[in-house]
> 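Following this message is one structure expressed as structure tokens.
What's counted below: heavy atoms across the whole structure, side chains too, no hydrogens, waters or symmetry copies.
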Amino acid sequence: MIQTIRKAWGIPELRKKIMFTLMILVIYRLGSAIPVPYVDTGMLRTYLDGMGTTILGLYDVMSGGAFSQATVFALGIQPYINSSIIIQLLTVAIPALERMQREGGEEGKKKLQSITRYSTVAIALLQAFGYYAIMKQAQILLNPSVWAAMVIIISFVAGSSFLMWLGEQCNEFGVGNGISMILFAGIIARIPNMISTVQRAIISGAMHWAWAALIVVGVLLLVVLIVFVHDAERRIPVQYAKRQVGRKMYGGQTSSLPMKVNMSGVLPVIFAQSIATIPATIGAFLPPPDEGTFAYSLLNAIDTKSFFYLVIYFVLIIGFSYFYATIQFNPVEISNNLKRNGGFIPGFRPGRPTSDFIARVLSKITLFGAIYLGVVAILPLLADKFNQGVNIGIGGTSIIIVVGVALETVQALENQMVMRQYKGFLE
């Protein structure tokens with residue numbers, strides 16, 4: 001990875017793209033340090049420290065700590081991610097959007113992108129209003145007037161829209177996926193805070209140094225596992241029949257149909273965590289029940305550190321993994337494409353037998369990928385559970401995002417270097 005970055009830095013064109021990407025990340029971090037007016041950030045931080053196990057804690061992690069400081073970029077890139085996921089699901093459910101995506105060409109993609117942008121602004125407006133309502137209810141605002149409300153909400157929406165624009169600019173003039181790079185920068189920015197938390201815990205005696213070393217080794221092993229599974233794929237052999245067109249013979253070659261083990265990425269973990277933390281989020285806004293009551297036992301059962309929550313979380317990850325795999329990889333469509341192009345899988349007739357075989361392979365691979373995602377997401381939670389009193393803040397979602405974005409960025413640099421070599425050769 002370091003060698004690839006060093007080679008890319010030596011190429012003037014790629015050096016400009018790397019510098020542009022770094023400039024985008026610097027702007028993002030500067031905006032994450034500028035708070036919106038009329039908010040007592042000290043009281044907000046104290047309030048959200050007690051909400052770390054709710055969905056608000058997830059937003060704070062994804063925004064790199066900007067959410068708990070009520071900065072201009074407090075909403076982060078979450079509205080754009082939610083909008084993209086919603087539009088992707090609607091293209092499966094609404095035939096008009098599906099035709100626009102498949103048959104619309106470049107113009108159809110631009111229309112879908114415009115719909116995604118407008119949806120992002122609408123979702124950001126709803127989230128900004130909800131965030132303002134939470135701060136008003138907790139009496140965190142320094143000025144509860146209507147003018148202050150408008151300034152706070154508009155600042156949040158403008159910051160989220162500006163981040164969306166920065167991500168698109170990074171896609172066009174930078175390196176890698178702009179949205180992923182912004183998420184990557186936000187998560188990396190929390191590492192110094194995690195290190196200081198562990199250091200204070202060791203000094204105060206709340207954590208033994210051997211347990212801290214074991215956590216570091218566990219994180220490194222998780223990184224190795226993520227790197228191993230990230231590029232893992234099942235390749236189904238495909239044979240193309242020979243056909244004669246005029247005096248030329250076409251086909252006859254052997255290829256393969258690649259199927260990634262984890263084709264849905266980190267989306268199942270994010271969705272499962274969002275849904276699993278809904279009961280704890282609702283309970284956090286209600287008055288605390290008396291000890292020994294049914295409500296008290298129920299809140300302990302749905303707490304994010306309970307074994308019941310871990311089981312529900314694991315099951316939801318597996319369910320969403322199958323859901324996204326079904327959306328992204330259609331065995332019937334793949335089988336029809338192979339049949340139209342004269343391809344077939346050895347040992348299976350074209351048509352229904354081929355699609356059934358692909359569906360069986362997809363089910364097995366998705367199960368392995370889902371268990372992998374569940375293990376990566378559950379292990380940090382188990383570490384926090386056994387280490388009572390110290391919340392390190394290392395999440396499986398964060399590790400998957402950081403490692404995945406780093407691998408994809410290096411791969412993008414390698415692809416651009418290869419394209420540059422071919423371009424120079426042709427010229």
Side-chain angles (χ1 to χ4, degrees), residues 1 5 18-36 39 41-42 44-49 51-52 55-81 124 127 131 155-156 158-167 169-171 174-201 212 215-216 219-220 222-223 226 266 269-270 273 380 384 390-410:
M1 179 182 295
I5 297 175
I18 294 175
M19 291 296 295
F20 184 85
T21 304
L22 293 177
M23 183 186 68
I24 293 292
L25 298 182
V26 169
I27 294 174
Y28 166 62
R29 291 311 303 165
L30 288 176
S32 299
I34 302 175
V36 298
V39 177
T41 55
L44 177 63
R45 182 66 184 176
T46 304
Y47 176 75
L48 289 180
D49 282 343
M51 308 282 286
I55 195 172
L56 302 181
L58 175 62
Y59 283 152
D60 190 37
V61 171
M62 292 301 174
S63 64
F67 188 83
S68 60
Q69 299 173 7
T71 65
V72 177
F73 294 157
L75 297 183
I77 206 65
Q78 287 299 314
Y80 183 80
I81 295 176
Q127 291 185 352
Y131 193 19
S155 299
F156 286 151
S160 180
S161 303
F162 183 66
L163 277 183
M164 175 181 63
W165 181 80
L166 285 180
Q169 297 303 307
C170 187
N171 291 338
V175 178
N177 186 283
I179 305 302
S180 300
M181 294 299 294
I182 291 175
L183 275 177
F184 175 85
I187 295 173
I188 290 295
R190 294 178 60 88
I191 291 181
N193 186 28
M194 297 177 186
I195 295 176
S196 63
T197 301
V198 173
Q199 185 178 5
R200 289 194 302 267
I215 290 177
V216 173
V219 171
L220 294 178
L222 279 181
V223 171
I226 293 171
V266 75
V269 180
I270 295 177
Q273 189 173 5
D384 285 342
V390 180
N391 186 12
I392 303 175
I394 300 177
T397 309
S398 304
I399 300 176
I400 295 175
I401 292 175
V402 169
V403 177
V405 172
L407 294 175
E408 291 174 359
T409 304
V410 172

> Using 0.5 Å steps for rounding, measure from the OG1 atom of T71 to the CG atom of L30.
11.5 Å
> Side chains of F156 and V36, heavy atoms from C-beta outward: is any pair under 4.5 Å?
yes
> For the pair T21 (side chain) and V175 (backbone), establish whether a donor and an acceptor sit closer than 3.5 Å, ignoring hydrogens and angles.
yes
> Could you tell me which non-hydrogen atom of A70 sits nearest to which non-hydrogen atom of V39, and how far apart they are?
CB-CG1, 3.9 Å
> Measuring from atom CZ of F67 to atom CD of Q78, what distance do you get when rounded to the nearest 0.5 angstrom?
10.0 Å
> Could you pull out the closest heavy-atom pair between G76 and S160, with the gap in Å?
O-OG, 3.5 Å
> Roughly how far, to the nearest 0.5 Å, is CD1 of I399 from CD1 of I187?
10.0 Å
> Could you list the residues that satisfy side-chain hydrogen bond (donor to acceptor under 3.5 Å, both in side chains) with S180, not counting sequence neighbours?
N177
> Please round to the nearest 0.5 Å and tell me the distance separating atom CG of N171 and atom CE of M181.
10.5 Å
> Taking all non-hydrogen atoms of both residues, which atom of Q69 and which atom of P35 are closest, and how far apart?
O-CB, 4.0 Å
> Main chain of L163, side chain of Y80: is a donor-acceptor contact present, judged purely on distance under 3.5 Å?
no
> To the closest 0.5 Å, what do you measure between CD1 (I182) and CZ (F73)?
8.0 Å
> Does I81 reach the side chain of M164, with side-chain heavy atoms less than 4.5 Å apart?
no
> Side-chain contact test, heavy atoms from C-beta onward, threshold under 4.5 Å: evaluate it for I27 versus F162 and give yes or no.
yes
> Quick check: closest heavy atoms across R29 and G186, and the distance to 0.1 Å?
NH1-CA, 4.2 Å
> Looking only at atom types and distance, does a side-chain atom of S32 sit under 3.5 Å from a main-chain N or O of Y28, one as donor and one as acceptor?
yes
> Any idea which heavy atoms bring Y131 and A74 closest together, and the distance?
CE2-CB, 4.1 Å
